[in-house]
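By convention here, the first residue in the shown sequence is residue 1. None of the values given here were measured: they were computed from a predicted structure.
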Amino acid sequence: MNSVRTRRRGGAITAVVVAAVAAGLLPAPVAAAEPPVRRIVEKLDRGLVVVPSGAGAFLSWRLLGTEYARYGDAIAFNVYRGGRRLNRAPITESTTYQDNSRGTGTYTVRAVVDGRAPKPSSGLRLVGGHAEIPLAAADGYTVRHAWPGDLDGDGRYELVVSRLSQTRDRPDLLEAYTLTGERLWSVDLGPGSYTQVGGNGANDPAPGAISGSTAIGGYRNDDNVTVYDFDGDGRAEVLVHTAAGTTFADGTRVTAGSPADQFVSVVDGATGTERTRQPVPDDFVADGPSGGHFGIAHLDGIHPSLVTKLVTRVGVRRGAFRVLFQTWDFDGTNLHRRWKYVVPATSGATSFHQIRTVDVDLDGKDEIADGNYVVNSDGTLRYVVDGTGHGDRFHIADLDPSRPGPEGFAIQQAELGVIPDFPWYYYDADTGERLVTGRHPADWENDTDTDIDVGRGSTGDIDPSHPGYEYWTSTADVAAPGAGVHNVQDGKVAATTPSVNFRIWWDGDKGSELLDFTQVSKWDPATGTSTKIFDPAGVVAGARDATPFHGDLVGDWREEILAETADHTALRLHATTEPMRTRIHTLAQNAEYRLGWTVRGYLQSTYTDYYLGTETRRVPKPAITTPRRTRTEGAS
């Protein structure tokens, strides 16, 4: 009886409360917070790297994003050689250690949490200061691009590389290597990678071409390959454009009804064999085969999807470009179309030479940025930056820590009779609003000798005396109003500019260094000059004065450089030995940074989705998780 009365009393009270809330007399109750959506990332090992340095060895290793999210600053590390601990107290301020003690033995590192140390992780020894990765014999070939991926599920990255014939009359090759120098497999892209088809197809790339191997304007910056754990099984797949004659590692060959037919093939990362294949959309088939870019985006905020950008030129001559995006999901067996978006010719949207997949509105889902426009995660047009046209490069990151969300910086090119209204623009990456716009020289309209073309532009935190990042371009005339180094908050801060190729994190601070060819330099704002701080011997840069890859591949959060030897017989992985006292979790488990590796094309700098610069004191904990379904368990 009492329980019945209690229920009725509770019901009456509830009715009164509901009525009061409806009348605005009481605030609405706060709903229980939903658990954060966690993006699936790779399960990586400790990534320990050992480099000869000073009187001994320099050790560097990963703080994983997954353990930083769980333990924060409570995690520490111990370093061992031959089973004997070298550090007196657990290491908490960095993930590096300089060992100058005597003795021999294998180095290992153990994480320490709440006084407990799980099993140790062994490392990669860089004999001679670099890892040497011999390439299979292929006379006359050079490496263009490299994509990292954990191909076998052991927590260590392997490399998939594109090798192109220097004479452009032999098949493109796609090969996989371990960081210790073992070749895992090779895929021959066949005659379809260097032979164009007739008719309108003569205006477009060879149907199976990768890494911009077709020497035709508009397609020299393609990639058409990406590497990622696409189905969440702990092992990365390789996604690649294929055509008739492509031969996989087991000898299986692609056949097609026409030499112009193109496909997206899913290749097993461990074996180089094809797992499934789908034809590309046929919207542009009348114009010939398409070029473009591949990349990965988490369109639902959790799972990875393949993004393919297809590009053709209209008609038999160098007509206007047409662009469409087709996104795909892979369930481990079949490749499914997710959505397709054809960029309207009248929209003002203009492609640059690389896409970026990045969460511009901070809703957890990635958008697709392609030059002066952005496509939403659901396949709708988000915006076109007003008044803008084509440029080669653009950058999106949290460039200004005083503003919410990411910003962008893009250049504008003047070529083939197309004259832009301004040389560059700095903009809100969420809305496309131009925040700062560069200016041409006042007399450029009447002066045919004035070169207003801007071929390159870069960003980085290169001046610690000003908050946020700086940006600059390749404008040669230092007197031009758009020239010089500009800060996101303080405007123009220098008349001269540093190299304009890539930003890299190399030395011991959180500011940016500069990578050009294979050399690293440091900008001195006081003198307006750069000083070379790393210049490896015996290696060369390739197209666009770029190496096949640079990024946080092993060791602490700073970036490594992968370059090809001058005789094209090997790759070398170089790591910094600069000491530091900054601890940041591996950039490879940051969403924007890792997705930046999945697009190669016209190579550009890779950024984190949080502000990482001189003023950074603490980075946010990532909302990430690792695959639950794995074929083999990675090391701790």
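Checked against N501 for a side chain to side chain contact (heavy atoms under 4.5 Å, CB included), the options Q604, Q519, R393 give a single hit: R393. Across E592, H395, R356, a single residue satisfies side-chain hydrogen bond (donor to acceptor under 3.5 Å, both in side chains) together with Y607, and that is H395. Among F409, Y426, Y611, the one residue that satisfies the ring pair (Phe, Tyr, Trp, His ring centres under 6.0 Å) test with Y469 is Y611. None of Y177, F549, W597, Y228 except one satisfies the ring pair (Phe, Tyr, Trp, His ring centres under 6.0 Å) rule with Y157; the exception is W597.
Screening residues 88-102 for salt bridge (charged side-chain N to carboxylate O under 4.0 Å, His left out), with sequence neighbours left out, gives R81-D99, E93-R581.
The minimum heavy-atom distance between V500 and R456, with the atom names listed, is CG1-CB, 3.4 Å. In this structure, D507 and K522 approach most closely via the heavy-atom pair OD2-NZ, 3.0 Å. Residues A410 and F394 come closest through the heavy atom pair CB-CB, 3.7 Å. A pairwise comparison of heavy atoms in F294 and V225 identifies CB-O, 3.6 Å as the closest pair. Minimum interatomic distance between I91 and Y97 (heavy atoms only, all atoms of both residues): CD1-CD1, 3.7 Å. When all heavy atoms are compared, the tightest approach of P52 to T577 is O-CG2, 4.4 Å.
For the pair E564 (side chain) and V143 (backbone), a donor-acceptor distance under 3.5 Å is present. Without hydrogens or angle criteria, S530 side chain to P498 main chain gives no donor-acceptor distance under 3.5 Å. Side chain of N87 to backbone of V79: a donor-acceptor contact under 3.5 angstrom is found. Counting only distance, with no hydrogens or angles, the side chain of S162 and the backbone of H145 share a donor-acceptor pair below 3.5 Å. K510 places no side-chain N or O within 3.5 Å of a backbone atom of T582 that could act as its donor or acceptor partner. With D229 contributing its side chain and G234 its backbone, the two residues share a donor-acceptor pair below 3.5 Å. In this structure a side-chain-to-backbone donor-acceptor pair under 3.5 Å is missing from R38 to A623. A donor-acceptor pair under 3.5 Å is formed between the side chain of R503 and the backbone N or O of T606. Between the side chain of R144 and the backbone N or O of G542 there is no donor-acceptor pair closer than 3.5 Å.
A heavy-atom distance below 4.5 Å is found between the side chains of L184 and T178. In this structure, the side chains of L603 and R544 stay at 4.5 Å or more apart for every pair of heavy atoms. With contacts defined as side-chain heavy-atom distances shorter than 4.5 Å, the pair L44/L64 qualifies. Contact annotation: the side chain of L306 never approaches that of F330 to less than 4.5 Å [non-hydrogen atoms, C-beta and beyond]. Contact of the P304 side chain with the H298 side chain is registered, since non-hydrogen atoms from C-beta on lie closer than 4.5 Å. Side-chain contact between H293 and I368 is absent, with no heavy atoms from C-beta onward closer than 4.5 Å. Residues P627 and D231 form no side-chain contact, since every pair of their non-hydrogen atoms from C-beta on lies 4.5 Å or further apart. Residues L179 and L159 form a side-chain contact, since some pair of their non-hydrogen atoms from C-beta on lies under 4.5 Å apart.
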Evaluate salt bridge (Lys or Arg N to Asp or Glu O under 4.0 Å) for D73 paired with R618, printing each intermediate quantity in order.
CA-CA 10 Å; D73 295 332; R618 182 184 297 274; 2.6 Å; yes

With side-chain contact (heavy atoms from CB on, under 4.5 Å) as the test, would you mind laying out the steps for V227 and L151 before giving the verdict?
CA-CA 9 Å; V227 178; L151 303 181; 4.1 Å; yes

Evaluation steps, side-chain contact (heavy atoms from CB on, under 4.5 Å), between T518 and T547:
CA-CA 7 Å; T518 61; T547 63; 3.9 Å; yes

Show your reasoning for whether side-chain contact (heavy atoms from CB on, under 4.5 Å) applies to T531 and D524.
CA-CA 8 Å; T531 301; D524 183 352; 5.5 Å; no

So I561 and L515, side-chain contact (heavy atoms from CB on, under 4.5 Å) or not? Walk me through it.
CA-CA 9 Å; I561 301 170; L515 173 63; 3.9 Å; yes

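Expressed to the nearest 0.5 Å, how far CG of L587 lies from CH2 of W557 amounts to 7.0 Å. Put simply, NZ on K621 and CD on E67 are 12.0 Å apart, with the number rounded to the nearest 0.5 Å. The CD1 atom of I462 sits 10.5 Å away from the CD atom of E513 when rounded to the nearest 0.5 Å. Atom CG of D535 sits about 10.5 Å away from atom OG of S521, to the nearest 0.5 Å. Going from atom CD of E407 over to atom CG of L435 covers 7.0 Å, rounded to the nearest 0.5 Å. To the nearest 0.5 Å, the span separating NE2 on H486 from NZ on K492 amounts to 5.5 Å.
Between D150 and K43 there is no salt bridge, since no side-chain N of the basic residue sits under 4.0 Å from a carboxylate O of the acidic one. With respect to D268 and R235, a salt bridge is recorded, a charged nitrogen being found less than 4.0 Å from a carboxylate O. Between R594 and E42 a salt bridge is recorded (basic side-chain N to carboxylate O distance below 4.0 Å). With respect to the salt-bridge test (charged N to carboxylate O, under 4.0 angstrom), the residues D428 and R403 qualify. One finds a salt bridge joining D154 and R156 here, because a Lys/Arg side-chain nitrogen approaches an Asp/Glu carboxylate oxygen to under 4.0 Å. One finds no salt bridge joining R39 and D359 here, because no Lys/Arg side-chain nitrogen approaches an Asp/Glu carboxylate oxygen to under 4.0 Å.
Judged by distance alone, the side chains of N78 and R110 never bring a donor and an acceptor atom under 3.5 Å apart. A donor and an acceptor atom, one from each side chain of N487 and E470, are located under 3.5 Å apart. Donor-acceptor pairing under 3.5 Å is recorded for the side chains of D556 and S60. Between the side chains of T614 and D461, at least one donor N or O lies within less than 3.5 Å of an accepting N or O. Side-chain contact, D366 with T357: no donor N or O sits under 3.5 Å from an acceptor N or O.
Taking the six-membered ring where the residue is Trp, W505 and Y593 present tilted rings, their angle falling between 30° and 60°.
R70 CZ: 12 or fewer foreign heavy atoms inside a 6.0 Å radius. Around atom NZ of K365, no more than 12 heavy atoms belonging to other residues, nucleotides or ligands sit under 6.0 Å away.
In this structure F502 satisfies the ring pair (Phe, Tyr, Trp, His ring centres under 6.0 Å) test together with H550, sequence neighbours excluded. Judged as a ring pair (Phe, Tyr, Trp, His ring centres under 6.0 Å), and not counting sequence neighbours, the contacts of F534 are W506, H574.
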